[in-house]
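One structure is given below, encoded as structure tokens.
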Protein chains: 2
Amino acid sequence: MSTESTQARAAETLTELILEIFRLNGRLIEAGDQLVRSLGLTSARWQVLGAMDRSAVPLSVASIARNKGLSRQAVQRLVKEMAKDGLVRFAANPHHKRAQLVTMTEAGRAAFAAAMTKQAPWAEDLTRGLSPDDLAQAVALLRALRARLERARDGGARPDDERCAGEASGL
Amino acid sequence: MSTESTQARAAETLTELILEIFRLNGRLIEAGDQLVRSLGLTSARWQVLGAMDRSAVPLSVASIARNKGLSRQAVQRLVKEMAKDGLVRFAANPHHKRAQLVTMTEAGRAAFAAAMTKQAPWAEDLTRGLSPDDLAQAVALLRALRARLERARDGGARPDDERCAGEASGL
DNA sequence: GTCGTAATGACAATATATTGTCAATTTGCG
DNA sequence: CGCAAATTGACAATATATTGTCATTACGAC
């Protein structure tokens, strides 16, 4: 064991990290579902509304998917369902006949606002006593890992995150 | 902004962390699926076999679910499917007539071993250049967060992780 | 032993999410 | 302009996962 390389030990720790992410992901979705259930939302719907809320301009389904790292189809399904529930609506896209723009209805904005109101004290509770630096460092590490995974997937065709970042204010 | 409390900033960072976990979770499942597809496995199946591999004794479906933080039903479905594919088999449980024990078949062990062989260089590649301390600290932070979420969910009924840890060598 | 409670797996319903395919549309290059 | 390539949404199939319900089984208090 003491002859093991630093690389190998780091890789083992990565494996632990991966397994922990799987578990935590489940717990977070579960907690989010509970938190916003009474608002007619779910973690997934909330996430989609979050992408729309952050953008200054209406987004297409495909843009939301890219912003959230989900597949186009997953978002499409959620958006159509939320449209049926009156949380979002479609608007014609002057620049793209096929790709309609998704906007929140008044009900959608209200539900999202209520969700964020519920989330704030929940998040403060969860962070209580944790080091802000540790949190920030963890975010940075996870971002770095994801960047590597996406680089590998896309064949090194994306030198940075400009595409997603710029898209929030574009299309 | 400068009047914002440390708590509130930490909570904002936590929100970023949560969103990053959602994304990274998707990328990891995707990468895992690709890695073991040729072995007749998926990320989910791999995860289940991993729980079985780590335990010294055969586990029941419910134990695997607890170990991995999944629902009983998710594991049940995967196990039954893998049984149909000859990767695992059921054995009678002397201590519990209803809860059969799940064991890997020779094919299951071979597939799992092949998966781990593929995973090792992949993980080393992914960790290259990352600080082992950062990785370990991130694991610790995520574990702490999950513990809080589970404490909240279970109503504070579980003072520590003894239940899951002890279960690996029990039932 | 008896009885209430918890654990377990079966079954069903639903939500989430990816993959693959296709046609319509847009875009960019020549 | 013309045409190949990429983007986009629709549709379908499948995988993953939770929730809820139920009958059976195990366990503990008494």
Side-chain angles (χ1 to χ4, degrees), chain A residues 22-23 25-34 36-37 40-48 59-66 68-85 90 92-102 153-154 157-158 163 167 170-171, chain B residues 22-23 25-34 36-37 40-48 59-66 68-85 90-102 153-154 157-158 163-164 167 170-171:
Chain A
F22 288 163
R23 289 187 184 187
N25 183 70
R27 297 294 71 76
L28 288 171
I29 290 174
E30 186 178 53
D33 280 344
Q34 278 191 331
V36 299
R37 178 181 305 167
L41 295 182
T42 62
S43 290
R45 288 179 169 206
W46 188 5
Q47 207 183 357
V48 169
L59 299 173
S60 68
V61 163
S63 304
I64 297 172
R66 273 192 299 273
K68 286 301 173 181
L70 298 170
S71 69
R72 231 169 54 235
Q73 299 312 315
V75 175
Q76 194 119 45
R77 203 192 133 277
L78 288 164
V79 163
K80 287 180 80 170
E81 211 178 43
M82 284 196 285
K84 196 157 41 175
D85 288 0
F90 294 98
N93 184 347
H95 298 348
H96 196 310
K97 192 171 174 183
R98 192 175 182 84
Q100 286 192 300
L101 299 175
V102 190
R153 177 184 61 171
D154 302 341
R158 188 193 311 183
R163 183 152 152 252
E167 201 164 40
L171 195 253
Chain B
F22 287 163
R23 289 188 184 187
N25 182 69
R27 297 294 72 76
L28 288 170
I29 289 175
E30 185 179 53
D33 281 344
Q34 278 192 331
V36 299
R37 178 180 306 167
L41 296 182
T42 62
S43 291
R45 287 179 170 206
W46 187 6
Q47 207 183 356
V48 169
L59 299 173
S60 67
V61 163
S63 304
I64 298 172
R66 273 191 300 274
K68 286 301 172 180
L70 297 170
S71 70
R72 232 169 53 236
Q73 299 312 313
V75 175
Q76 194 118 46
R77 203 192 133 277
L78 288 164
V79 163
K80 287 181 80 170
E81 211 179 42
M82 284 196 285
K84 197 157 40 176
D85 288 0
F90 294 98
N93 185 347
H95 298 347
H96 197 309
K97 194 170 174 183
R98 191 175 183 82
Q100 286 191 301
L101 300 176
V102 190
R153 178 184 60 172
D154 302 341
R158 188 193 312 182
R163 182 154 152 251
C164 281
E167 200 162 43
L171 194 256

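Quick note on labels: first sequence line is chain A, next is B, and so on, each numbered from 1. Keep in mind the model is a prediction, meaning the values are calculated, not measured.
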Ignoring hydrogens and angles, does a donor from either the side chain of A:Arg98 or the base of C:dT25 sit under 3.5 Å from an acceptor on the other? no

Separation of atom [atom1] in [X] from atom [atom2] in [N], rounded to whole Å:
X: B:Arg77; N: C:dA13; atom1: CZ; atom2: P; value: 16 Å
X: B:Asn25; N: C:dA17; atom1: CG; atom2: P; value: 9 Å
X: A:Phe22; N: D:dT16; atom1: CZ; atom2: P; value: 12 Å
X: A:Leu78; N: C:dT14; atom1: CG; atom2: P; value: 17 Å
X: B:Glu81; N: D:dA17; atom1: CD; atom2: P; value: 12 Å
X: A:His96; N: C:dT27; atom1: NE2; atom2: P; value: 6 Å
X: A:Lys97; N: C:dT27; atom1: NZ; atom2: C1'; value: 16 Å
X: A:Asn93; N: D:dG9; atom1: CG; atom2: P; value: 9 Å

Quick check: on DNA chain D, is the nucleotide nearest B:Ser43 upstream (toward 5') of the one nearest A:Arg37, or the reverse? Name the residue that is more 5'. B:Ser43

Judged by nearest nucleotide, the residue sitting upstream toward the 5' end of DNA chain D, A:Arg27 or A:Val61, is A:Val61

Starting from the C-alpha separation in whole Å, work towards a yes-or-no answer on side chain to side chain contact (heavy atoms under 4.5 Å, CB included) for B:Phe22 and A:Asn25. CA-CA 6 Å; B:Phe22 287 163; A:Asn25 183 70; 3.2 Å; yes

What I want to check is whether the side chains of A:Asp33 and A:Thr42 have a donor and an acceptor closer together than 3.5 Å. no

Check whether any side-chain nitrogen or oxygen of [X] sits under 4.0 Å from OP1 or OP2 of [N], and answer yes or no.
X: A:Arg72; N: C:dT21; value: no
X: B:Gln73; N: C:dC11; value: no
X: A:Arg66; N: D:dT8; value: yes
X: A:Thr42; N: C:dT16; value: yes

With sugar-phosphate meaning primed atoms plus P, OP1 and OP2, does B:Leu70 contact a base, only sugar-phosphate, or nothing at under 4.0 Å between heavy atoms? sugar-phosphate

Determine the contact category for B:Ile29: base if any of its heavy atoms lies under 4.0 Å from a base atom, sugar-phosphate if only primed atoms, P, OP1 or OP2 are that close, otherwise nothing. nothing

Let me know, please, whether B:Gln100 or B:Gln34 comes out on the 5' side of the other along DNA chain C by nearest nucleotide. B:Gln100

Pairwise 5' ranking along DNA chain C for A:His95 and A:Gly69, keeping only the more 5' one: A:Gly69

Could you tell me whether a side-chain N or O of A:Arg45 sits under 3.5 Å from a main-chain N or O of A:Gly40, the two making a donor and an acceptor? yes

Less than 4.0 angstrom from a charged side-chain N to a carboxylate O is my criterion; do B:Arg27 and B:Glu30 meet it? yes

Measuring only between side-chain heavy atoms, which start at C-beta, is B:Gln47 closer than 4.5 Å to B:Leu70? yes

